[in-house]
Amino acid sequence: MTFIEIRDLMKIYQTKRNQTGVPALRGIELVVDKGEFISIIGPSGSGKTTLMLILAGMLDPTAGFVKVGDSRLDKLSGYGRSLYRRHKVGTLWQLPNRNLIFEITIEENVDIQLRLLGLPLEERKKRIKELFVDVGLERWSHHKPMQLSGGQVQRAGLACALAHSPALLLADEPTGELDTKTAKELMRYFRHLNETIGITAIMVTHDFDVAKTSDRIIQIVDGRISGFSYSKNLRTLRDLNSVYLDRYGSMQLPRHITEIMTVEEEVKIKVQEKGKIFLEQE
Ligand SMILES: Nc1ncnc2c1ncn2[C@@H]1O[C@H](COP(=O)(O)OP(=O)(O)OP(=O)(O)O)[C@@H](O)[C@H]1O
Ligand SMILES: [Mg+2]
């Protein structure tokens with residue numbers, strides 16, 4: 001069942017220095033099923049965070065269609081977007097101080113989220129306990145973030161992101177500050193939560209091994225999707241070989257293909273039969 005539908009999404013940042021604006025997303029087309037866990041990879045500056053901010057309801061798209069559940073994000077007012085952020089979406093960022101307040105315990109951090117929902121004390125206590133069991137921190141809930149390891153801090157951030165039982169979890173480089181072993185451990189919790197609560201999850205990462213824990217890997221290059229594949233079919237990034245042909249007949253080729261072609265040169269298209277089409281360059 002479709003949970004997220006994105007059509008022809010564009011984002012152009014208006015800046016004083018660049019009068020024409022900076023195009024960050026140039027026609028993203030993406031459909032994500034309910035409960036699916038996808039990861040987004042791509043070079044620096046390709047638009048990954050911009051896409052996450054739009055899905056988080058923190059940034060207005062310039063044009064296009066963005067639907068998450070029954071919320072049309074391209075149509076929501078400021079108030080509608082703040083309700084969407086409070087109830088529908090949980091976020092986990094690379095830097096721990098964007099996820100947690102460092103002066104208070106991790107339990108108090110989660111409690112702030114629950115108070116915003118107006119839950120009574122007993123219910124909040126029960127939910128806090130549940131969440132810390134889920135992220136393997138039940139014995140650490142009275143600690144402040146500074147008293148925990150990097151992996152534990154990100155797991156506490158995950159508990160905060162999930163406190164209000166959102167339908168969508170967005171994580172932007174959640175393992176960016178972690179070593180390989182700790183990153184793998186965080187991903188085990190992440191995957192487990194995705195499977196047990198059935199939450200739809202989107203994660204941005206630079207790390208191919210981290211990306212492989214998701215169901216599907218999507219590559220973004222220069223603000224467009226340039227390849228995707230189910231993780232189980234992928235050994236290396238070179239196996240990323242599905243592209244989306246949009247209704248205008250355009251598509252963007254994966255990076256490992258454009259790297260072996262001469263760019264900004266003519267490409268010949270040869271049709272052998274339906275479904276067998278070849279690209280050829282002199
Ligand atoms: N607030 C902003 N104002 C102007 N331009 C911006 C702004 N935020 C991002 N950009 C530009 O938009 C493009 C996409 O940026 P974005 O942060 O989405 O990339 P990214 O894929 O997340 O990169 P990274 O891997 O480095 O985090 C870049 O060219 C960036 O410089
Ligand atoms: Mg980014």
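Both counts, for ligands and for their atoms, begin at 1 and track the order of listing. Numbers here are sequence positions counted from 1.
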S.K.: Distance to 0.1 Å, residue and atom name: give those for the protein heavy atom nearest to atom 9 (C) of ligand 1.
M.R.: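 For this ligand atom, the closest protein heavy atom is Y13 CE1, 3.3 Å.
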S.K.: Within the 4.0 Å heavy-atom shell around T50, which atoms of ligand 1 are there?
M.R.: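 Atoms satisfying the 4.0 Å criterion: 14 (C), 15 (O), 16 (P), 18 (O).
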S.K.: Could you tell me if any non-hydrogen atom of S46 lies under 4.0 Å from any atom of ligand 1?
M.R.: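 It does; at least one heavy atom falls under 4.0 Å.
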S.K.: Do the charged groups of D172 and R98 touch, with an N to O distance under 4.0 Å?
M.R.: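 Result for this pair is no, no salt bridge flagged.
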S.K.: I would like to know whether I6 and L51 meet side chain to side chain contact (heavy atoms under 4.5 Å, CB included); could you show each step before the answer?
M.R.: CA-CA 10 Å; I6 300 174; L51 178 61; 4.0 Å; yes
S.K.: Compute the shortest N/O to N/O distance between T49 and ligand 1 and return yes if it is under 3.5 Å, no if not.
M.R.: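 Between T49 and ligand 1 (N or O atoms, distance only) the closest approach is under 3.5 Å.
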S.K.: Quick check on the Mg ion (ligand 2): does T49 put an N/O/S atom closer than 2.8 Å to it?
M.R.: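 Given the 2.8 Å cut-off, T49 counts as a ligand of the Mg ion (ligand 2).
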S.K.: Do V31 and I199 land in one hydrophobic cluster if side-chain heavy atoms of ILVMFWY residues count as linked below 4.5 Å?
M.R.: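 Per the 4.5 Å side-chain linkage, V31 and I199 are not co-clustered.
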S.K.: What are the atoms of ligand 1, with element, lying closer than 4.0 Å to any heavy atom of H206?
M.R.: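 With H206 as reference, the close atoms of ligand 1 come out as 25 (O).
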S.K.: Between P23, G45, A24, which one has a non-hydrogen atom sitting closest to atom 28 (C) of ligand 1?
M.R.: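 Residue with the shortest heavy-atom distance to the ligand atom: G45.
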S.K.: Starting from atom 25 (O) of ligand 1, what is the nearest protein heavy atom, named by residue and atom, and what distance separates them?
M.R.: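 Protein heavy atom with the smallest distance to atom 25 (O) of ligand 1: K48 NZ, 2.8 Å.
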S.K.: For atom 31 (O) of ligand 1, which protein heavy atom lies nearest, and how many Å away is it?
M.R.: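 Nearest protein contact, heavy atoms only, for atom 31 (O) of ligand 1 is V22 CG1, 4.9 Å.
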S.K.: Please check if a non-hydrogen protein atom sits closer than 4.0 Å to atom 13 (C) of ligand 1.
M.R.: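 Answer yes: something from the protein, a heavy atom, is under 4.0 Å.
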S.K.: Examine distances only and state if a side-chain atom of K212 and a backbone atom of L234 form a donor-acceptor pair shorter than 3.5 Å.
M.R.: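 Yes, K212 side chain to L234 backbone: donor-acceptor pair under 3.5 Å.
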S.K.: Under 3.5 Å, side chain of D222 to main-chain N/O of S46, donor-acceptor pair present?
M.R.: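 Answer holds: no.
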S.K.: Provide, to 0.1 Å, the distance between atom 26 (O) of ligand 1 and the closest protein heavy atom, together with that atom's residue and name.
M.R.: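 Result: S44 OG, 2.5 Å.
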S.K.: Checking salt bridge (charged side-chain N to carboxylate O under 4.0 Å, His left out) for the pair R155/D134: CA distance, chi angles, key distance, verdict?
M.R.: CA-CA 9 Å; R155 270 146 56 199; D134 280 348; over 6 Å; no
S.K.: Spell out, as yes or no, whether a donor-acceptor pair under 3.5 Å connects the side chain of E29 to the backbone of R7.
M.R.: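 The answer is no, because no donor-acceptor pair under 3.5 Å joins these two groups.
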S.K.: List ligand 1 atoms under 4.0 Å from T15, heavy atoms only on the residue side.
M.R.: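 Matching atoms, with element in brackets: 4 (C).
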S.K.: With a sphere of 6.0 Å drawn around CZ of F278, does it hold more than 12 non-hydrogen atoms of other residues, nucleotides or ligands?
M.R.: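 Buried by this count: over 12 neighbours within 6.0 Å.
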